[in-house]
Amino acid sequence: MTTASATESKPASPAIEKVTLKVDGREVGVPKLTPDWQGKLVPTTMLQACQIAGVEVPHYCYHPKLPVAGNCRMCLVEFGLPAMGPDRKPILNEDGTPKIIRQTLPYEPGTPRGAIACATPISPGMEIYPNSPATKQMREAVLESLLINHPLDCPICDQAGECKLQEYSVEYGQSQSRFVEEKVHKPKCVDLGPRIVLDDERCILCTRCIRFSKEIVGDDALGIASRGSHNVLTHYPGKPFDNNYTLNTVDICPVGALTSKDFRFQMRVWFLKETKSVCTSCSAGCNIVIGSREGRIYRYTPRDNDAVNACWMCDYGRLNYKWIGREDRLKHVLRRTAGGKSERTTWTTALKEIGAKLKNTAANATAIVASARQTNEELYLLARLGKRLNALTDSVPRRGEPDKLLLQADRNPNSTGARLTGFLQAAAGSNLRKIAEGIQEGRIKTLIVVGEDVTKHGIDASLFSRLDLLVVSDILPNAAAAFAHYVLPGCAHTEKRGTFTNGQGRVQKFMKAVEGPEDARPEWEFLCDLVFETTGLDGLASIEGLFNQMAKETPAFSGLTWAGLGDAGVPANSLNTA
Amino acid sequence: MPSEYRLILKHADQPGYTNDLDCYLRHGGYEVLRKALSLPPRILSDGRKVSAQEQIRDEVMLSGLRGRGGAGFSCGLKWSFVDRKSGKPVYLICNADESEPGTFKDKQIIYKDPHQLLEGTILSCFANDVHLAYIYIRGEFVQGAKILNRALAEARAKEFLGKNILGSGYDLEIFVHRGAGAYICGEETGLIESLEGKRAYPRIKPPYFPAVLGLYLCPTIVNNVETLCAVKHIVAMSGAEYAKLGTPNNTGTRIVSISGHIKKPGYYEVEVGKVTLGELILDPAFGGGLREDRQLKAVIPGGSSAKVFKAGEKFKLKRRGPDGQMSTVEVGVLDLPYDFDSVQQAGSMSGSGAIIVMDDTADLTEALENIAEFYAHESCGQCTPCREGSLWMAKALHRLNHGQGRKQDADYLLHIAKHIQGRTICAFGEACAWPVLSFVSKFKDEFQAKGAADEARRSRTLTAGAGPGPDLRIAASPEV
């Protein structure tokens, strides 16, 4: 990313020592050292060298973010090493090339010896044969072994479609098994914890979940019991598997052993549309993929972003999507008639009327309360509106207990954006009382509320009768809406595009997965209209244009472009603008 | 005439010899330790000082001592791999998890002469600057653990152990740790995991070579009981003298456990390579021959995981003559010198020194099933080929022995076994594959005949409209 900010200082990168070796007959130079799962530089492995060479080495237990276990044996590859003379100098062939010795079993010199690519360090001159007949045969044998006691219940297995056992069987397996014995039977439908169900027969005992829970979460909750072919994955006796990250084990389980109680049997994964998005449950801004079909959201899964969440997300954020599909969503644009009744109206009518009223509002007579769950673009538009009306602006702080991994105390996804866009001038929540007093004292006659129920945050409903204009936009029912002159139904982040700035100041964009219900419109869209009606400013009708305009006007975002954000986001220029 | 050469078991079976400290001291016990601790540094001609520790390590290297646990790896070389510059403590573990079927030699030392083991251990610890050592003893040796703990207390009371041993300034503590009954704890990295309080899953190598990243990720030496006892004798008699025992590259003495269809099963200490497999089985000084004049059918030369020899088999061995020239000689099973190299050249291994003899009454498909069930039961289940393959082989053999065999089962078994060996984290893969590979390939006709007979009988009963066959399921759950 060329949009490196001033605050992001890059450490001077030392010269990277390279090792030259051959993968599949092709010479490649790979770094001698590579970061391990903790980021510590360790000798590069054969598997990483193959990745650099663009050759896939199938594996189950290896996971780049977990300590290496080396137990599945799927990544066994045949390899050769340069022959060394007694003087420790390479022996050369007649044509001057180094003589390579294909490694064989020490006790059976005719049989090739494989090494597990995930744990074997590379050495200069090494040759890796990831597609040799011997390598293929080793993979076939491992797959055959993994399948002999597997229930082969793909038709009723949730993992089907994203199962490594299926994929590798097709790619590297044999069509037939020689196995004629009775399979080992193990517990089915084991209740591992409040969110996880385990099928021990499907488990291939790769220990990814155990390592994740122990090493990443710090909860040594899972383990293997019994012995040999009767091994079973289990939780600590009497202690359910229940931490805030349990559902990640479902993601990293290469087979259908661990399934999510929330998602299992809900939808075949190949029907799911995948949309890149960002989790909104706290200021961490974990990158996610939304799985949806026909307008319904079925799951969130974490999306890799080493700058934010690696490849994990918390259960709290992952399961916080059901409100989006609620039946009682605000779906209609409403206007209060002179008689005090609410009636449906159109966006055009409502926005024209509100615009006309705002145009005639006296300075200092308006307050805007907008949620820090709104996007950068929305908060930017509200900040503009606020500036024009010389309005008092505020947001609602939302805090909870943080944990050591991802979950942040700030449960708003865009508190940083609220500051950087200039919408928030002071600490969130510090103006709410002033707004209430202003309404009470008759100084504030117009209140615009976006995405918060202000009646719960110090602006009592009894004050609303003193207002000339109350505009409420929200997604879910809101006590203030009953008193509003205009109710504008908004969209969840899954129903629109936009950007958030997470707690670390990273600007991340998210895409639209599903449509909002009925009349609901993305807030940035109708706020653009409102700003046009009120100020006459035009030309912000696309999210790209709006973002780029915002970036131009906002020092913290200067130089950023919608396209330049990419999938992983970009750090904002400075966090010291507050 | 072949005879025993008792070095380690010199006193063990003498009448009146007891396993307490007083008795050991009466027989010159801990004198070697006393001398070693006061050994002055040797000054070389170039002025370099060789410390007492280094001198002992040199003697062990010179002795040519090879590990008695199973792999037969050079003890001196193993010690030389220890990372002494890491700044971390070096640990020593005595592997007393003697579990290889057919092996019962370490037990004799532990039960009958525990102080000899302690003296050897203390000397080895001293030589390697170890200040904390463990004796990992198999859980089934309940009495052995008690004996060792008593011996440790006795040694501590007499300052052979603890702070400032015998006034030398050297500190060492040794603890006995009992296993919980798993064969895999004898694998050194599995043992280390178990000692750390974890499930005994062997570690991947690289990177976890015990000499560098062993117990608590510190440099660690793991030696067998008998090996550590041999160290005592090497220090006592010098490496060069010890190397005169046995044969070149196969020095010293070895305790051989002989079991099976012979007249005198038991343990015999011999000079390595000075007696043949045949003498060990037939000579009155050792096994004493087969019972009731039956014929030898098969012999497993190094514990149940070693490849079986068939009676009458001939091997081509490379020999170095007195003139230094290599020549090839043909040797029959019974004339095979019982040493590390010869047995290995014959395609098997002397392993833990356990010889299992089978006469012509043995049903080898049943014998193999017994072995295979042992390994299926003992597989830790960490890595795929062994976890799945060991039980697969056991099930197939069970089927073959219970009337449901097939002609192709012999090849079926070979197929499974070939896909285990060399592809696992630890040597258990070989341990479970080798018996199957050797039994089936060397006695293939027996396996095929049994399968064919079953097929024939099944086709007869099928036409006769017989009911369902016997229950073939192997006990589906492991012992708890």
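Below, chains carry the letters A, B, ... as their sequence lines are ordered, and counting in each starts from 1. Remember, it's a predicted structure, so these values are computed and weren't measured experimentally.
Atom NZ of B:K418 sits about 8.5 Å away from atom OG1 of A:T111, to the nearest 0.5 Å. Expressed to the nearest 0.5 Å, how far CG of A:N231 lies from SG of B:C380 amounts to 7.0 Å. Within the model, atoms NZ of B:K395 and CD of A:E182 stand 6.5 Å from one another, a figure rounded to the nearest 0.5 Å. Expressed to the nearest 0.5 Å, how far CD1 of B:I416 lies from CD of A:E181 amounts to 7.0 Å.
Residue A:K239 places its NZ atom among more than 12 non-hydrogen atoms of other residues, nucleotides or ligands, all under 6.0 Å distant. Within 6.0 Å of the NZ atom in A:K183, the count of heavy atoms belonging to other residues, nucleotides or ligands exceeds 12. By the neighbour-count criterion of 12 heavy atoms within 6.0 Å, atom OH of B:Y216 is densely surrounded, having more than that number from other residues, nucleotides or ligands. For A:K22, the NZ atom is loosely surrounded, since the number of other residues' heavy atoms within 6.0 Å does not exceed 12. Within a 6.0 Å sphere centred on NZ of A:K32, other residues, nucleotides and ligands contribute 12 heavy atoms or fewer.
Scanning residues 68-75 of chain A against chain B with a 4.5 Å heavy-atom cutoff picks out A:V68, A:A69, A:G70, A:N71, A:C72, A:R73, ordered by number. Among residues 142-150 of chain A, the residues having any heavy atom closer than 4.5 Å to a heavy atom of chain B are, in sequence order, A:V142, A:E144, A:S145, A:L146, A:I148, A:N149.
Ranking B:G389, B:A396, B:P207, B:A182 against chain A, the residue ahead of the rest is B:A396, based on heavy-atom pairs under 4.5 Å. No other option in B:E378, B:R203, B:Q408, B:R423 has as many heavy-atom pairs under 4.5 Å with chain A as B:R423. When each of B:S379, B:C386, B:S390 is scored by its heavy-atom pairs under 4.5 Å with chain A, the top score falls to B:S379. Most heavy-atom pairs under 4.5 Å with chain B, from the set A:V180, A:V42, A:L105: that is A:V180.
When heavy atoms are compared at a cutoff of 4.5 Å, B:Y375 does not approach chain A at all. For B:I204, the part lying near chain A is the side chain, with the backbone staying farther off; criterion is any non-hydrogen pair under 4.5 Å. Interface residue A:A225: only backbone heavy atoms are found under 4.5 Å from chain B. Neither the backbone nor the side chain of B:Q344 comes within contact range of chain A; no heavy atom of the residue lies under 4.5 Å from a heavy atom of that chain.
Between the A:Y107 side chain and the B:E430 main chain, no donor and acceptor come within less than 3.5 Å of each other. Under the 3.5 Å distance criterion, the side-chain polar atoms of A:R227 are matched with a main-chain donor or acceptor of B:H377.
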Donor-acceptor pairs under 3.5 angstrom involving side-chain atoms of residues 118-129 of chain A: please list them, not counting sequence neighbours.
from, atom 1, to, atom 2, distance (Å)
A:T120, OG1, A:I116, O, 2.6
A:E127, OE1, A:Y129, OH, 2.8

One pair to check against side chain to side chain contact (heavy atoms under 4.5 Å, CB included): B:L391 and A:V184. What are the steps and the verdict?
CA-CA 9 Å; B:L391 186 62; A:V184 176; 3.4 Å; yes
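Closest approach of A:I224 and B:R199 over heavy atoms only: O-NH1, 3.0 Å. Nearest heavy atoms, B:H419 versus A:A141: ND1-CB, 3.3 Å. Nearest heavy atom pair, residue A:F179 against residue B:Y412, reads CA-OH, 3.7 Å.
Every residue was checked against the salt bridge (Lys or Arg N to Asp or Glu O under 4.0 Å) condition with B:K318, not counting sequence neighbours, and none meets it.
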